[in-house]
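One-based numbering, in listed order, for ligands and for the atoms of each.
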Amino acid sequence: MRRTDDPIAWRIREMVDRTRQLKENDWYYYLLSSDALHGSKVVIDGREMLMFASYSYLDLIRHPRIDAAAQAAIQEFGSGTHGVRLLAGSTRLHDELEKTIAKFKKTEGAATYSSGFVTNQAVISALCGRHDVVFCDRLNHASIIDGCRLGLAKFVRFRHNDMEDLERKLKAADPKAGKLVVVDAVFSMDGDIVNLPVLDELCTKYGAWLMVDEAHSVGVLGETGHGIEEHFGMDGVIDIKMGTLSKTIPSAGGYIAADAEVINFLKHASRPFIFSAALPPASVAAANESFKVIEDEPERVKKAQRNMKYFLSELQKRGFDTMNSETCIVPIICGDEQPAWDMARLSHKEDIFVLPVVSPAVPEGTSRLRANVTAAHSLEEIDYAVDVFTRAAHQVGLL
Ligand SMILES: *Cc1c(COP(=O)(O)O)cnc(C)c1O
């Protein structure tokens with residue numbers, strides 16, 4: 001390093017020390033690289049493990065139709081594009097994907113970006129200018145928080161899923177200011193669902209736009225996996241539907257589905273659409289085919305929903321605290337950091353790939369194992385995992 005004794009060097013050293021400490025205690029489970037993925041299994045260092053940390057909620061990774069679409073796109077267009085979407089980077093495949101997304105999300109149009117993270121940053125900062133106000137749930141995803149910080153608008157946070165607190169804050173804002181309320185549909189650490197019916201009422205009452213991040217809702221919520229509007233039977237109440245192409249959809253990228261005018265605005269005003277390259281053709285074609293597979297194979301959604309109900313009820317029967325989760329993301333609350341690290345270590349010993357989440361990613365005192373269940377699991381696999389978690393919990397004194 002160029003220097004070893006200034007604040008930048010100290011910051012680097014602090015993190016290096018922390019990760020070294022975790023490794024020494026056998027508590028480090030990050031950046032493990034897998035040699036193979038198939039269904040509910042993952043191979044790490046030659047060892048097959050049961051995957052309980054996946055976002056591939058409908059088990060679409062390695063789906064033959066999706067892989068074939070990606071290969072055909074490389075055959076036709078090659079591996080890259082001529083740069084940014086706005087200028088020379090768009091292909092026919094990009095237009096097709098946006099049409100597919102708009103149809104799936106029942107909107108007039110859609111715009112895609114190179115990641116979900118970038119989508120949130122791009123859109124919030126483009127929509128809201130000086131004198132506007134963004135209202136943000138305290139547990140929103142980091143990319144939403146960063147999007148709020150990036151723009152010039154006033155940034156107001158409200159208590160998690162607390163509609164009375166949101167109303168107080170909407171009431172206190174300048175009635176002439178532009179207002180945007182942004183929330184996760186399913187909160188990514190707790191697995192609970194946002195109160196869409198009341199949000200809709202409040203946004204109407206106070207003249208605010210509503211933006212919902214559906215990263216963990218598409219494929220998971222609603223009879224046919226179309227997301228949170230379908231879950232509540234409230235089609236068309238969300239102004240700006242954000243989603244990712246990297247979770248249920250086994251590709252990469254992010255999108256906004258909205259009215260044609262909003263999409264037109266974003267395509268000419270949001271900076272990553274103008275200054276960052278288009279998604280590669282293979283990723284675009286894979287994403288496009290994935291939405292079609294979800295429509296053609298509704299049994300996948302049914303299986304994910306059956307599994308999440310079963311997993312939650314089995315954990316609760318054993319006495320675990322799973323907070324208010326009612327989705328595929330299941331927090332197993334451990335309280336302090338130490339039992340969370342130990343629960344992860346013991347689970348890995350018994351071939352369960354699961355990750356601990358501690359502060360600052362979640363509030364102090366709510367350290368947890370975050371166990372994700374998907375359509376890939378069999379009921380026997382879920383039983384096995386619940387047994388492993390229970391044994392581990394007895395050993396660390398959690399149960
Ligand atoms: C994962 C995630 C994102 C970011 O999506 P990427 O496509 O992985 O960049 C945004 N919002 C939420 C709620 C997420 O969980």
Considering only the protein, which heavy-atom contact is closest to [atom], and what is its distance?
atom: atom 14 (C) of ligand 1; answer: K247 NZ, 2.8 Å
atom: atom 8 (O) of ligand 1; answer: S246 OG, 3.3 Å
atom: atom 13 (C) of ligand 1; answer: D213 OD2, 3.3 Å
atom: atom 6 (P) of ligand 1; answer: G116 N, 3.4 Å
atom: atom 9 (O) of ligand 1; answer: F117 N, 2.8 Å

Item to check | Six-ring centre of F158, K169 cation under 6.0 angstrom, axis tolerance 45° | outcome: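 Pair K169/F158 does not count as cation-pi.
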Checklist entry - T244 to ligand 1: N or O pair under 3.5 Å? => result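 For ligand 1, there is an N or O atom that lies under 3.5 Å from one belonging to T244.
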Checklist entry - Does the N or O separation between H216 and ligand 1 drop below 3.5 Å for any pair? => result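 Yes, since at least one N or O of H216 sits under 3.5 Å from an N or O of ligand 1.
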Item to check | Sub-4.0 Å atoms of ligand 1 with respect to non-hydrogen atoms of G253 | outcome: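 Result: 7 (O).
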Checklist entry - Any idea which atoms of ligand 1 are less than 4.0 Å away from a heavy-atom of D184? => result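 Reading through ligand 1 atom by atom, the close ones are 13 (C).
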Regarding [X] and [Y], is there a side-chain donor-to-acceptor distance under 3.5 Å anywhere?
X: T327; Y: Y57; result: no
X: T112; Y: R85; result: yes
X: Y255; Y: E98; result: no

Checklist entry - Which pairs pass side chain to side chain donor-acceptor pair (under 3.5 Å) with one or both residues in residues 41-56, sequence neighbours excluded? => result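 Residue pairs passing side chain to side chain donor-acceptor pair (under 3.5 Å), neighbours aside: R47-D351, Y55-R370.
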Checklist entry - F311 vs F389 aromatic rings, parallel, tilted or perpendicular, using cut-offs 30° and 60°? => result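 Ring orientation, 0 to 90° scale: tilted.
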Checklist entry - Are the side chain of D137 and the backbone N or O of N161 linked by a donor-acceptor pair below 3.5 Å? => result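 It does hold such a pair.
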Enumerate donor-acceptor pairs with a distance under 3.5 Å from any side-chain N or O in residues 183-197 to protein atoms, sequence neighbours excluded.
residue: D184; atom: OD2; partner: H141; partner atom: N; Å: 3.4
residue: D190; atom: OD1; partner: R368; partner atom: NH1; Å: 2.6
residue: D192; atom: OD2; partner: H160; partner atom: NE2; Å: 2.6
residue: N195; atom: OD1; partner: V198; partner atom: N; Å: 3.4

Next on the checklist: Check for me whether S143 has a heavy atom closer than 4.0 Å to any atom of ligand 1.
Outcome noted: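 Heavy atoms of S143 do come under 4.0 Å of ligand 1.
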Checklist entry - Has A252 got any heavy atom lying under 4.0 angstrom from an atom of ligand 1? => result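 Not so, A252 does not reach ligand 1.
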